[in-house]
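Report on the structure given below.
Letters A, B, ... mirror the listed sequences (proteins, then strands); counts begin at 1.
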Amino acid sequence: MDGILFTQQLLDWYDANRRDLPWRRAPEPYAVWVSEIMAQQTQMDRVVGYFERWMERFPDIHALARAHEEDVLKLWEGLGYYSRARNMLKAASVLAVDHDGVFPSDPAAIRSLPGVGEYTAGAIASIAFGLPEPAVDANVLRVFARVLDLDQPVRSGETRAVVAETVRSLMPDDRAGDFTQALMELGALVCSKNPRCGDCPVSGQCAALSADTVSRRPVLPVPGKTTRINMATGVLVHEGRVLIQKRLPDDVWPGLWEFPGGGIEQGETPEQTVAREYMEEVELAVEPVEDITTLTYAYTRYRVTMHCFLCRFADGSGEPVFNEAVTGGFVPPQDLSGYAFPSGHRRLIQFMKADSRFADLFSDS
DNA sequence: AAAACGTGGCT
DNA sequence: TAGCCAAGTTT
């Protein structure tokens, strides 16, 4: 393969086809960092809105370093992989204290930040600082699995090393950041799962295209099995307010809020599950009085069916004791928008807001 | 080193 | 519909 030609063709294509993303207009290090963390395992189109809200709220390192986790999580709500947001808060503290609020250009210093791995360090170094550091993400692996017609598992350490070295050898000294983004842009827009080889600027140098093995590249790992879960949750209403609790650290969705509930056990009805979970989690006797809805959602390898019920106190009233939460309490339903919820619970709230049966609960008075 | 960690859109 | 999978990192 002709490296000079490959790089030139790719950059020319990028100049003509790059998407207009907000952090590309003025790639300063803080903005590049924010965009790269948000982009991890997330499609660019979804990142844009979150990025703009984030930059508005936390415009620089110092603003972020001063932020509360509660506010950071609320801004991140719906993006998933919330440890990214918590790690950014930790990293902002490191940057403010150890680097005086100035984003470091040293690749090793970048790599040492919480939440910054091999890929992200290379991306920031090249895009924000113009350094010739490779950034090998799934796009880049896919592109070179085809260009080089690699028959090894694409996620193996060996493949990653080969691809990183290839990227290094192709990297132009004057446009490192554009080259990094061009490779990923090509993977996202052209050399995708279902590739559009007719539109590819480097199809003339693609070994897989010549060998007619494009559809077999990259060689992916066998996916893990998904698990189905049935859950039940209850919205306890008392004197016009609803009970929510904040999830524990070292669990799924740490620090996010939720309505109490849990898995439906063998022989239980969803209503019985809600009553049992309320007793276990918050030591309250409740009775489900109305079926709100049943919704499904997915997280990591789980597919969840969640049965949702409106609940009342079984014996008039009571004080919650939070056995399986950091804290919690009764809040006015109008205030729920101020808390970060996992998507399933967020959708439950939206459902109730849109359902006339619960109009009085969400009315402003 | 395998598994956990979210979510929504597309096929 | 049931996967597939997206600018990965951490443990």
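Contact annotation for A:Arg228: backbone-only contact, meaning every heavy-atom pair under 4.0 Å involves sugar-phosphate atoms and none involves a base. When heavy atoms are screened at a 4.0 angstrom cut-off, A:Thr120 is found touching the sugar-phosphate backbone but no base atom. At a threshold of 4.0 angstrom between heavy atoms, the contacts of A:Arg24 include nucleobase atoms, whether or not backbone atoms are also involved. The residue A:Val116 sits close only to the backbone: its heavy atoms come under 4.0 Å of sugar-phosphate atoms, none of a base.
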In sequence, state the C-alpha distance, the side-chain angles, and the governing distance for A:Met38 and A:Trp23, and then conclude on side chain to side chain contact (heavy atoms under 4.5 Å, CB included).
CA-CA 12 Å; A:Met38 285 187 170; A:Trp23 52 90; over 6 Å; no

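The nearest pair of heavy atoms linking A:Pro29 to A:Ala128 is CA-CB, 3.7 Å.
Note that OH of A:Tyr82 and CG of A:Leu256 are 5.5 Å apart. Values are rounded to the nearest 0.5 Å.
Contacts between residues 122-160 of chain A and DNA chain B, counted as heavy-atom distances below 4.0 Å, involve no residue at all. Residues from residues 176-190 of chain A lying near DNA chain C, meaning a heavy-atom separation below 4.0 Å, are A:Met184, A:Glu185, A:Ala188 in numerical order.
Test A:Glu70, A:Glu324, A:Glu258 against A:Lys246 for salt bridge (Lys or Arg N to Asp or Glu O under 4.0 Å) and you get one pass: A:Glu70.
A salt bridge links A:Arg25 with A:Asp20: at least one charged nitrogen is closer than 4.0 Å to a carboxylate oxygen. Between A:Arg24 and A:Glu185 there is a salt bridge, with a side-chain nitrogen of the basic residue lying less than 4.0 Å from a carboxylate oxygen of the acidic one. Ion pairing between a basic and an acidic side chain is recognised when a charged N comes within 4.0 Å of a carboxylate O; A:Glu118 and A:Arg160 show no such pairing. Taking the charged nitrogens against the carboxylate oxygens, A:Glu165 and A:Arg168 do have a contact shorter than 4.0 Å, which makes a salt bridge.
Computed from coordinates, the A:Glu36 CD to C:dT9 C1' distance equals 14 Å when rounded to whole Å. Per the geometry, CZ belonging to A:Arg111 stands 7 Å off P belonging to C:dT9, to the nearest Å. We find that CG of A:Asp45 is positioned 14 Å from P of C:dA6, with the value rounded to whole Å.
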Reading 5' to 3' through nucleotides 2-11 of chain B, protein heavy-atom contacts under 4.0 Å coded B for base, S for sugar-phosphate only, - for none
--SBBBS---

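Taking the centre of each ring, A:Phe259 and A:Phe341 come in below the 6.0 Å mark.
Aromatic ring pairs are classed by plane angle as parallel below 30°, tilted from 30° to 60° and perpendicular above 60°; the pair A:Phe313 and A:Phe330 is tilted. Using cut-offs of 30° and 60° for the angle between ring planes, the A:Trp257 and A:Tyr339 rings count as perpendicular.
Each of A:Pro223 and A:Glu118 lies near DNA chain C, and the nucleotide nearest A:Pro223 is the one positioned closer to the 5' end.
Going from the C1' atom of B:dT11 to that of C:dA7 covers 22 Å, rounded to whole Å.
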